[in-house]
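These notes are about the structure you will find just below.
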Amino acid sequence: YNMLNYEDVDTALRDALEGKAAQTEFYEITTSGYFRYFRLSAEDQMLTVTYANASYNDDMNLQIRQLEKFRVYDWEYTEKGWLIWEKALSKNQEMDMHSFFRILPLDEKCRELGNQYILPVSYFCNNLFLTDWDAGSMEQIEFNDLYDFLYEMKYGEKLNEEAAAGGIPKDQFEEVILTFFDISVEQLEKYARYDAAAGVYPWEPVNAWNRVRQLQPFPEVVRCVENQDGTWTLYVEGILIVAGDDCTFRHRVIMRERDSGWVYVGNDIDENDSGVPDYKPRREF
């Protein structure tokens, strides 16, 4: 969500970047119901954070659960509007000390489309946004690995992996995929390797042996542009928290709105971009 009343925080951080003394504060409410408070004090480009979190107890009174004050090891306020600090220097990725807070607001259409169609798919164990494709090259998409992500987007619940272990029945698989793509059944049968004898599309859950073990960035739609043909281009940048990087690689997702919802039309990755996550299909065909 966009930060409300972000202007004071933005002004203070810009002053701090110039070495001026500055103070500001903001709050965050987590999905688990915790209130998080941050007070920032900057002097000579050094940043000190006072942090507290609180939650309601059984009597519905707010109770402070944690309170601390620390000087960060390193921090930056990026051009995109991300405040990033590293609480302490750590070379152990499992003990990452980076914190990310988006201060500047995103355009509402970017946020809406990003939350509904980009973030739920992301870059984990599917290649929808990790390869170049368009309407004439949809064979580049591994629909079998994409299915469970689209299933959750369509129905609001995770796929029952035990029930799907033998493959996805033809009507179920096609209903999900055709919700998000303008593709013929004949094309889908070919690209997703339909097993006519069994009446299913092959599918396999994610396991330790069929995935690339790597730290995952998350996508953020930073700009939306309506094209002359009625499609929209979503400019997406991958953010890798453990590296403290608010843009590890860039790609553009083309989408079109139908009466029944939005469909994916294409994806284009910036040339010579070295930050694209690796991908391998979950099974060999």
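- Separating the NZ atom in Lys80 from the CD1 atom in Ile103 is a distance of 13.5 Å, to the nearest 0.5 Å.
- No side-chain donor from either of Thr30 and Arg36 sits under 3.5 Å from a side-chain acceptor of the other.
- Tyr123 and Leu119 fall into different hydrophobic clusters, where Ile, Leu, Val, Met, Phe, Trp and Tyr residues are linked whenever their side-chain heavy atoms come under 4.5 Å apart, directly or through other members.
- Counting all heavy atoms, side chain and backbone alike, Ala164 lies closest to Leu159 at CB-CD2, 4.0 Å.
- When hydrophobic clusters are built by joining Ile, Leu, Val, Met, Phe, Trp and Tyr residues whose side-chain heavy atoms come closer than 4.5 Å, directly or via intermediates, Val265 is not grouped with Ile177.
- Using bins of under 30°, 30° to 60° and over 60° for the plane-to-plane angle, the ring pair Tyr51/Phe38 lands in the tilted bin.
- Gln23 approaches Ser41 most closely through the heavy-atom pair NE2-OG, 3.5 Å.
- Here Tyr117 contributes atom OH and Met255 contributes atom CE; the two are 6.0 Å apart, rounded to the nearest 0.5 Å.
- Residues Phe249 and Gly275 share a closest heavy-atom pair of CD2-O, 3.6 Å.
- For the residue pair Asn126 and Leu130, the shortest heavy atom distance occurs at O-CD1, 3.5 Å.
- Looking at Asp74 and Met97, their side chains never come closer than 4.5 Å, going by heavy atoms from C-beta outward.
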Between Leu40 and Phe26, does a side-chain contact (heavy atoms from CB on, under 4.5 Å) hold up when you go through it step by step? CA-CA 9 Å; Leu40 313 179; Phe26 60 88; 3.9 Å; yes

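- Here the CD atom belonging to Glu161 is positioned 7.5 Å from the CG atom belonging to Asn207, to the nearest 0.5 angstrom.
- The hydrophobic clustering, which links ILVMFWY residues whose side-chain heavy atoms are closer than 4.5 Å, places Met60 and Tyr34 apart.
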Assess the residue pair Arg252 and Asp270 against the criterion (salt bridge (Lys or Arg N to Asp or Glu O under 4.0 Å)); give the C-alpha distance rounded to whole Å, side-chain angles, the decisive distance to 0.1 Å, and a yes or no. CA-CA 8 Å; Arg252 291 163 293 279; Asp270 270 13; 2.5 Å; yes

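- Annotation: the span from Gln140 atom CD to Asp134 atom CG amounts to 9.5 Å, rounded to 0.5 Å.
- A distance-only check finds no donor-acceptor pair linking the side chain of Asp246 to the backbone of Gly81 [under 3.5 Å].
- Taking the side chain as every heavy atom from C-beta outward, Tyr264 and Leu150 approach each other to under 4.5 Å.
- In this structure, Trp85 and Phe101 have tilted ring planes: the angle between them lies in the 30° to 60° band.
- At a threshold of 4.5 Å between side-chain heavy atoms, the hydrophobic network of Ile, Leu, Val, Met, Phe, Trp and Tyr places Tyr235 and Val276 in two separate groups.
- For the atom pair CG (Asp182) and CZ (Arg258), the distance works out to 4.5 Å, reported to the nearest 0.5 Å.
- More than 12 heavy atoms of other residues, nucleotides or ligands lie within 6.0 Å of CG in Asp132, so this atom counts as buried by the packing criterion.
- Residue Arg102 places its CZ atom among more than 12 non-hydrogen atoms of other residues, nucleotides or ligands, all under 6.0 Å distant.
- Using a 4.5 Å heavy-atom cutoff, the side chains of Asp145 and Cys125 are not in contact.
- Heavy-atom contacts from other residues, nucleotides or ligands closer than 6.0 Å to CG of Asn160 number more than 12.
- No donor-acceptor pair under 3.5 Å is formed between the side chain of Gln172 and the backbone N or O of Pro169.
- Within a 6.0 Å sphere centred on NZ of Lys280, other residues, nucleotides and ligands contribute more than 12 heavy atoms.
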I'd like a table of donor-acceptor pairs (distance under 3.5 Å, sequence neighbours excluded) in which one partner is a side-chain atom from residues 10-17, with atom names and distances.
residue: Asp10; atom: OD1; partner: Arg14; partner atom: NE; Å: 2.9
residue: Asp10; atom: OD1; partner: Arg14; partner atom: NH2; Å: 3.3
residue: Asp10; atom: OD1; partner: Tyr77; partner atom: OH; Å: 2.6
residue: Asp10; atom: OD2; partner: Arg14; partner atom: NE; Å: 3.2
residue: Thr11; atom: OG1; partner: Glu7; partner atom: O; Å: 3.0

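- Linking ILVMFWY side-chain heavy atoms closer than 4.5 Å, directly or via other members, places Leu83 and Ile241 in two distinct hydrophobic clusters.
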Given Lys109 and Glu226, is the salt bridge (Lys or Arg N to Asp or Glu O under 4.0 Å) satisfied, shown in steps? CA-CA 11 Å; Lys109 192 157 193 82; Glu226 185 174 10; over 6 Å; no

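- In summary, the side chains of Tyr201 and Glu174 do present a donor paired with an acceptor at a separation below 3.5 Å, with no hydrogens or angles considered.
- Remark: the backbone N or O of Arg223 is not paired with any side-chain donor or acceptor of Asp107 at under 3.5 angstrom.
- What you find for Val72 and Phe70 is that their closest heavy atoms are CG1-CE1, 3.7 Å.
- Ring geometry for Trp133 versus Phe181: interplanar angle of 30 to 60°, hence tilted.
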Apply side-chain contact (heavy atoms from CB on, under 4.5 Å) to the pair Thr131 and Asn267, showing each step before the final yes or no. CA-CA 7 Å; Thr131 187; Asn267 184 69; 5.8 Å; no

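- Ring orientation note: the planes of Tyr151 and Tyr155 are tilted relative to one another, at an angle of 30° to 60°.
- For the pair Lys170 and Tyr194, the cation-pi test (distance below 6.0 Å, angle within 45°) is passed.
- Ring geometry for Phe149 against Phe124 counts as perpendicular: the plane angle is over 60°, on a 0 to 90° scale with 30° as the lower cut.
- In this structure, Phe100 has its ring center at least 6.0 angstrom away from the ring center of Phe218.
- Remark: side-chain polar atoms of Glu220 are not paired, donor with acceptor, to backbone N or O of Ile239 under 3.5 angstrom.
- In this structure, the side chain of Arg71 does not engage the main chain of Tyr73 through any donor-acceptor pair within 3.5 Å.
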Which is it for Leu106 and Val221 under the side-chain contact (heavy atoms from CB on, under 4.5 Å) test, yes or no, and what are the steps along the way? CA-CA 8 Å; Leu106 284 172; Val221 180; over 6 Å; no

I'd like to know whether Arg193 forms a salt bridge (Lys or Arg N to Asp or Glu O under 4.0 Å) with Glu142, so could you lay out the CA-CA distance, the side-chain angles of the two residues, the decisive distance to 0.1 Å, and finally the verdict. CA-CA 10 Å; Arg193 307 168 186 89; Glu142 195 67 61; 2.7 Å; yes

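- Looking only at distances, no side-chain donor or acceptor of Asn227 sits under 3.5 Å from a matching main-chain atom of Gly230.
- Between Tyr37 and Tyr27, the ring-plane angle classifies as tilted under the 30° and 60° cut-offs.
- Judged purely by atom type and a 3.5 angstrom limit, Asn144 has no side-chain atom pairing as donor or acceptor with the backbone of Trp203.
- Listed for the Asp59 side chain is no donor-acceptor partner under 3.5 Å among the backbone atoms of Asn61.
- Val222 has its side chain out of reach of Arg250: every pair of non-hydrogen atoms, C-beta onward, lies at least 4.5 Å apart.
- From Ser99, atom OG reaches atom CH2 of Trp82 across 11.5 Å, with rounding to the nearest 0.5 Å.
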Taking it one step at a time, do Asn210 and Arg283 satisfy side-chain contact (heavy atoms from CB on, under 4.5 Å)? CA-CA 7 Å; Asn210 65 1; Arg283 58 181 291 167; over 6 Å; no

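- What you find for Leu47 and Ala42 is that their closest heavy atoms are CD1-CB, 4.2 Å.
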